[in-house]
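All remarks here apply to the structure that follows.
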Number of protein chains: 2
Amino acid sequence: MEIENVAQYLKNNGIKPSYQRVRVFEYLINNKNHPTVDTVFKELVGEIPTLSKTTVYNTLKLFAKKNIIIVINIEDNETRYDADTSVHGHFKCEKCRKVYDFDVDLSKVDLKKISNFIINEYHFYLKGICEKCRE
Amino acid sequence: MEIENVAQYLKNNGIKPSYQRVRVFEYLINNKNHPTVDTVFKELVGEIPTLSKTTVYNTLKLFAKKNIIIVINIEDNETRYDADTSVHGHFKCEKCRKVYDFDVDLSKVDLKKISNFIINEYHFYLKGICEKCRE
DNA sequence: TATCATATTTGTAATCGTTACAAAATTACA
DNA sequence: TGTAATTTTGTAACGATTACAAATATGATA
Ligand SMILES: [Mn+2]
Ligand SMILES: [Mn+2]
Ligand SMILES: [Zn+2]
Ligand SMILES: [Zn+2]
């Protein structure tokens with residue numbers, strides 16, 4: 001998905017595009033590294049010295065509620081965020097800690113057993129060692 | 001998987017079968033409800049009044065390290081545990097909070113893009129509304 | 001522009017799940 | 001039985017997140 005005007009995109013999703021919100025969202029679409037709150041804060045506070053970590057928390061929570069970002073829980077002690085809301089898989093390398101994206105076609109997965117359930121979110125992730133860390 | 005003798009099963013996996021460890025593991029195989037640390041503790045402390053929550057933390061961490069249980073991270077604020085170590089899917093109901101098991105055949109999923117990665121763990125979970133909560 | 005109401009941001013304190021640690025209890029073995 | 005090693009326990013510390021209220025910014029109105 002291409003987002004040309006971030007402020008307009010936020011407005012279209014019922015979010016008032018404050019300066020901080022625009023900057024946080026821009027960070028997410030320009031850095032597809034599935035950052036944590038702390039990563040977003042540390043990266044932005046250099047350019048926005050008055051930025052508060054609470055604002056980053058509030059902003060990401062708002063984005064998630066409005067469904068313009070995805071919350072990724074792979075480790076129990078690190079919540080990551082992703083502006084790519086399409087259904088896709090994640091691979092977390094246990095060595096370099098990097099989280100990779102990969103396409104996954106879940107249409108082939110048999111969900112007959114829960115066919116009467118309403119599915120709102122799909123999450124598919126793997127853990128292991130990435131190509132680079134195998135040597 | 002059927003486990004007849006829990007103490008022996010723990011031994012076979014390199015775990016000394018202390019009373020507390022046996023009771024925690026028995027709880028997990030008798031209650032396939034994907035409990036949190038707190039749930040396990042609250043359920044067992046009634047029968048084992050001297051039980052410490054730290055012991056539950058230590059025990060579950062040990063079990064996970066020895067690969068006889070799976071750690072489930074669906075919400076960022078609740079870590080759950082599962083004695084069923086087979087590859088299977090989880091569905092969390094956003095209304096009643098229950099976590100359901102379902103069979104999932106991941107052999108049909110195309111993982112070509114990460115074919116050079118070493119995969120150690122598969123996690124597939126969905127969120128939504130369960131059959132009962134739909135009314 | 002000045003005024004006022006509303007929304008957002010900020011900094012600090014509180015909360016809560018988890019971990020660190022050392023003492024107490026238990027177990028294994030000589 | 002005595003002794004060392006292991007496990008359990010209780011408390012303190014830690015760290016990520018949330019609650020909260022003051023400060024700031026925004027937007028409408030006169
Ligand atoms: Mn992603
Ligand atoms: Mn399960
Ligand atoms: Zn790696
Ligand atoms: Zn339900």
Side-chain angles (χ1 to χ4, degrees), chain A residues 6-8 10-11 13-27 34-66 68-81 97 99, chain B residues 6-11 13-27 34-66 68-81 92 97 99:
Chain A
V6 169
Q8 189 57 51
L10 295 182
K11 264 188 216 165
N13 286 277
I15 299 166
K16 291 198 181 170
S18 73
Y19 178 67
Q20 289 86 343
R21 288 169 178 171
V22 169
R23 292 301 302 272
V24 168
F25 196 76
E26 279 176 350
Y27 178 83
H34 312 96
T36 62
V37 164
D38 208 57
T39 303
V40 174
F41 175 73
K42 287 202 173 108
E43 291 287 315
L44 288 182
V45 76
E47 302 174 24
I48 314 169
T50 59
L51 184 65
S52 164
K53 193 177 278 188
T54 299
T55 298
V56 180
Y57 274 105
N58 292 340
T59 300
L60 292 172
K61 189 169 288 250
L62 176 66
F63 289 173
K65 195 178 71 173
K66 297 292 189 177
I68 63 169
I69 66 172
I70 285 172
V71 182
I72 302 173
N73 288 123
I74 298 180
E75 309 290 342
D76 50 2
N77 56 345
E78 78 170 21
T79 302
R80 290 165 172 260
Y81 299 89
R97 305 278 132 192
V99 173
Chain B
V6 169
Q8 188 58 48
Y9 181 75
L10 295 182
K11 263 188 216 165
N13 287 277
I15 299 167
K16 292 198 182 173
S18 74
Y19 178 68
Q20 288 86 342
R21 287 169 179 172
V22 169
R23 293 301 302 273
V24 168
F25 196 75
E26 278 176 352
Y27 179 83
H34 312 94
T36 62
V37 163
D38 209 56
T39 303
V40 174
F41 174 73
K42 287 201 174 111
E43 291 286 314
L44 288 181
V45 76
E47 303 175 23
I48 313 169
T50 59
L51 184 66
S52 164
K53 192 177 277 189
T54 300
T55 298
V56 180
Y57 274 106
N58 292 339
T59 300
L60 292 172
K61 188 167 288 254
L62 177 66
F63 289 171
K65 195 178 72 175
K66 297 292 189 177
I68 64 169
I69 65 171
I70 285 173
V71 182
I72 302 173
N73 288 121
I74 298 180
E75 309 290 343
D76 51 3
N77 56 345
E78 79 172 18
T79 303
R80 290 166 173 259
Y81 299 89
K92 169 145 187 183
R97 304 278 132 192
V99 173

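Protein chains get the first letters and strands the later ones, always in sequence-line order, with residue 1 at the start of each.
Partners of B:Arg21 according to the salt bridge (charged side-chain N to carboxylate O under 4.0 Å, His left out) rule, which considers only residues two or more places apart in sequence or in another chain, do not exist here. In this structure B:Tyr9 satisfies the ring pair (Phe, Tyr, Trp, His ring centres under 6.0 Å) test together with B:Phe25, sequence neighbours excluded. Partners of A:Gln20 by side chain to side chain donor-acceptor pair (under 3.5 Å), not counting sequence neighbours: none found.
For the pair A:Val24/A:Leu44, a side-chain contact is recorded, criterion being any heavy-atom separation below 4.5 Å from C-beta on. With a 4.5 Å cut-off on side-chain heavy atoms, B:Tyr27 and B:Glu43 count as touching. Contact check for B:Tyr81 versus B:Ile70: no side-chain heavy atoms found under the 4.5 Å cut-off.
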Distances under 3.5 Å only, N/O to N/O: pair up the protein atoms with those of nucleotides 16-18 of chain C.
unit_1 : atom_1 : unit_2  : atom_2 : d
C:dT18 : OP1    : B:Thr79 : OG1    : 3.3
C:dT18 : OP2    : B:Tyr57 : OH     : 2.7
C:dT18 : O5'    : B:Tyr57 : OH     : 3.4

List every contact pair, protein side and nucleotides 7-10 of chain C side both N or O, where the distance is under 3.5 Å.
unit_1 : atom_1 : unit_2  : atom_2 : d
C:dT8  : OP1    : A:Arg21 : NH1    : 3.0
C:dT9  : OP1    : A:Ser18 : OG     : 2.3
C:dT9  : OP1    : A:Gln20 : OE1    : 3.3
C:dT9  : O3'    : A:Gln20 : NE2    : 3.0
C:dT10 : OP1    : A:Gln20 : NE2    : 3.3
C:dT10 : OP1    : A:Thr50 : O      : 2.9
C:dT10 : OP1    : A:Thr50 : OG1    : 3.2
C:dT10 : OP2    : A:Ser52 : N      : 3.2
C:dT10 : OP2    : A:Thr55 : OG1    : 2.7
C:dT10 : O5'    : A:Thr50 : O      : 3.2

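Counting only residues at least two apart or on different chains, the side chain to side chain donor-acceptor pair (under 3.5 Å) pairs with a member in residues 44-64 of chain A are A:Arg23-A:Glu47, A:Asp38-A:Lys53.
Here the C1' atom of nucleotide C:dT19 and the NZ atom of B:Lys65 are 15 Å apart, to the nearest Å. Regarding B:Asn73, its CG atom lies at a distance of 16 Å from the P atom of D:dA16, rounded to whole Å.
Here B:Glu75 pairs with B:Lys92 in a salt bridge; the nearest charged N to carboxylate O distance falls below 4.0 Å.
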